[in-house]
Q: 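Provided herewith is a single structure, encoded as C-alpha cells, for subsequent inquiry.
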Amino acid sequence: MATPSPFKPAAVEAAQRHLEAFALGNSDVALTVLTSGDGFEIAAYPAKGPVTARVAAMSSSMQALAQALTREAGLGRNRSLIVETDTGSAIVLDLDDTLPRTSLAVIASNRELLGKLIWASRNLCKQLEKTLGQ
Amino acid sequence: MNAAGELKIVFTGPMGAGKTTAITAISDTPPVSTEVANNDQQAFAKASTTVALDFGQLALSDGTVVRLYGTPGQERFAFMWEILGRGAMGVILLIDANSPNALNDLEHYTRTFRGISPGQPFVVGIGRLHDAADDALAPFRERLATHGIVVPIFSVDVRKHEDTQLLIATVMAILEARMPEPEHGHA
Ligand SMILES: Nc1nc2c(ncn2[C@@H]2O[C@H](COP(=O)(O)OP(=O)(O)OP(=O)(O)O)[C@@H](O)[C@H]2O)c(=O)[nH]1
Ligand SMILES: [Mg+2]
C-alpha cells in the first residue's frame, strides 16, 4: 500500500529514533506506532510491518470513536484513550499541534504501573510534537 | 429483527462512494461521525474520510426505527467491516461509476459483505452514472451475474433524500417478502 507521507523524511527518521529509544528505556513496551488521523502509519517500533499497519488503522478508528463520545458527552477534545486487559494495556494519545493531526499508540505488558507508562508516553509525545513541528 | 430486536442496515462501498453523504442526508438525528482529514488525496480527492463508522437513525412510516451504519471505505479499515456487518439485516453497497475500478469494487465489496452478512438482503446503488440510458446498469448486473449473483441494482445520487430512501425501501421490501406472516407487536 502506498502510504502518503505528510512529513519530511528527516522528521520521520527522528520520530522513529524516539520510538526506539522509548521502547529500549521501557521494557514493558511491545509496540509503538505513530499514526496519521486517517490511520496511516508514519513511524513504528518494531519497524513498519503488517502488525504495526493494522494497529495504526485500529488506533485511528478508536481515537475517532473516543472523539465522537467525548463530543457527545460535552467533554471537549479527547487527549488519550486507555484500554486495560489482564495482561497489559493499549494507550492512544493525541499529539498536539501536528499537521496533519497524529496520534501515538503504545502497547505494553503490565509488569510496571500503568501510571508510569502513561507519564512516559506523554513525555514521548512532547518529543514527537517537537520533532514533527520542525 | 436481529437479536436485539432492532433493524440494522449497513452502508458500504469504496472511498468516496457516498456512504457518509447518504446517512447524513437521511438520518432523523444528527449522525455520529468519525470523519478525519483525508491525507490520501490520490485515493480520492476530498477533505475528510471516515475512519470508524457513521451512525444514523431513520423512522419509517410504520414507526419502525432503522439503525443505519456506514463503514469506512478504505481497505486498511476492513476490520471495521466485520464489526459493523455482523447482525446487519441488510447491506446497501454504493459504487462510484466514475472510478476506473468500479466493476472490481462492485465484485470485491459484494463478495466480502455477502460473506460477512450471508443471506441478508443486498442492494446496490451506482452513483455518478451520467449515462441515463436504461442499459447503463447492464455492465454492473452482468459482472455480478457471471458469479451467479442477482441483486437489485439502481442508479442513484445519494445526495438526494429520495434516492437513499429507495435503497432502504428495497431492503425493507425484501425483508417483508421473506416474513412468513405479518408481525403483531414485538417478539
Ligand atoms: N456528482 C456527484 N457527487 C456525488 C454523488 N454521490 C456522492 N457524491 C459526492 O461524493 C462525495 C462522497 O463523499 P463521502 O460521503 O464522504 O464518501 P464515503 O463513501 O463516506 O467515503 P469514505 O468514508 O472516505 O470511505 C461527497 O462529496 C458527495 O457530495 C453523485 O451521485 N454525484
Ligand atoms: Mg464516509
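Chain letters run A, B, ... following the sequence lines, proteins first, then strands; residues in each count from 1. All values below come from the heavy atoms of this structure, side chains included, with hydrogens, waters and symmetry mates left out.
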Q: For residues B/E75 and B/W81, determine if any side-chain heavy atom of one lies less than 4.5 Å from a side-chain heavy atom of the other.
A: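 With C-beta onward as the side chain, the pair touches.
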Q: Under the salt bridge (Lys or Arg N to Asp or Glu O under 4.0 Å) definition, can you give me all pairs with a residue in residues 112-128 of chain B, not counting sequence neighbours?
A: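 Non-adjacent pairs meeting salt bridge (Lys or Arg N to Asp or Glu O under 4.0 Å): B/D96-B/R128.
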Q: Which answer fits B/Q74, side chain, backbone, both or neither, if we ask what part of it has an atom under 4.5 Å from a heavy atom of chain A?
A: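 Side chain of B/Q74 only, per the 4.5 Å heavy-atom cut-off to chain A.
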Q: Less than 4.5 Å apart, any side-chain heavy atom of A/I91 and any of A/L114?
A: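 Yes, at least one pair of side-chain atoms sits under 4.5 Å.
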Q: Which bit of B/V51 is near chain A, if near means a heavy-atom gap under 4.5 Å: side chain, backbone, both or neither?
A: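 B/V51 touches chain A through backbone and side-chain heavy atoms alike.
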Q: Test your reading of the model: is there a side-chain donor-acceptor pair from B/N38 to the backbone of B/K46, 3.5 Å cut-off?
A: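 Judged by distance alone, yes, a pair lies under 3.5 Å.
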Q: Assess the side chains of B/R67 and B/Y69: does a donor N or O sit below 3.5 Å from an acceptor N or O?
A: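 Yes - a donor-acceptor pair under 3.5 Å links their side chains.
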Q: Examine the side chains of B/T24 and B/T20 and answer whether a donor and an acceptor come within less than 3.5 Å of each other.
A: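 The answer is no; no qualifying pair exists.
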Q: Is there any residue in residues 63-84 of chain A with a non-hydrogen atom under 4.5 Å from a non-hydrogen atom of chain B, and which ones are they?
A: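 Hits under 4.5 Å: A/A64, A/L65, A/A68, A/R71.
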Q: We want to know whether A/E41 and A/T35 form a side-chain donor-acceptor pair, criterion being a heavy-atom distance below 3.5 angstrom.
A: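 No, because no side-chain N or O of A/E41 sits under 3.5 Å from a partner of the opposite role on A/T35.
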Q: Between A/M62 and chain B, with a heavy-atom cut-off of 4.5 Å, which part of the residue counts as in contact: side chain, backbone, both or neither?
A: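 Neither; nothing under 4.5 Å.
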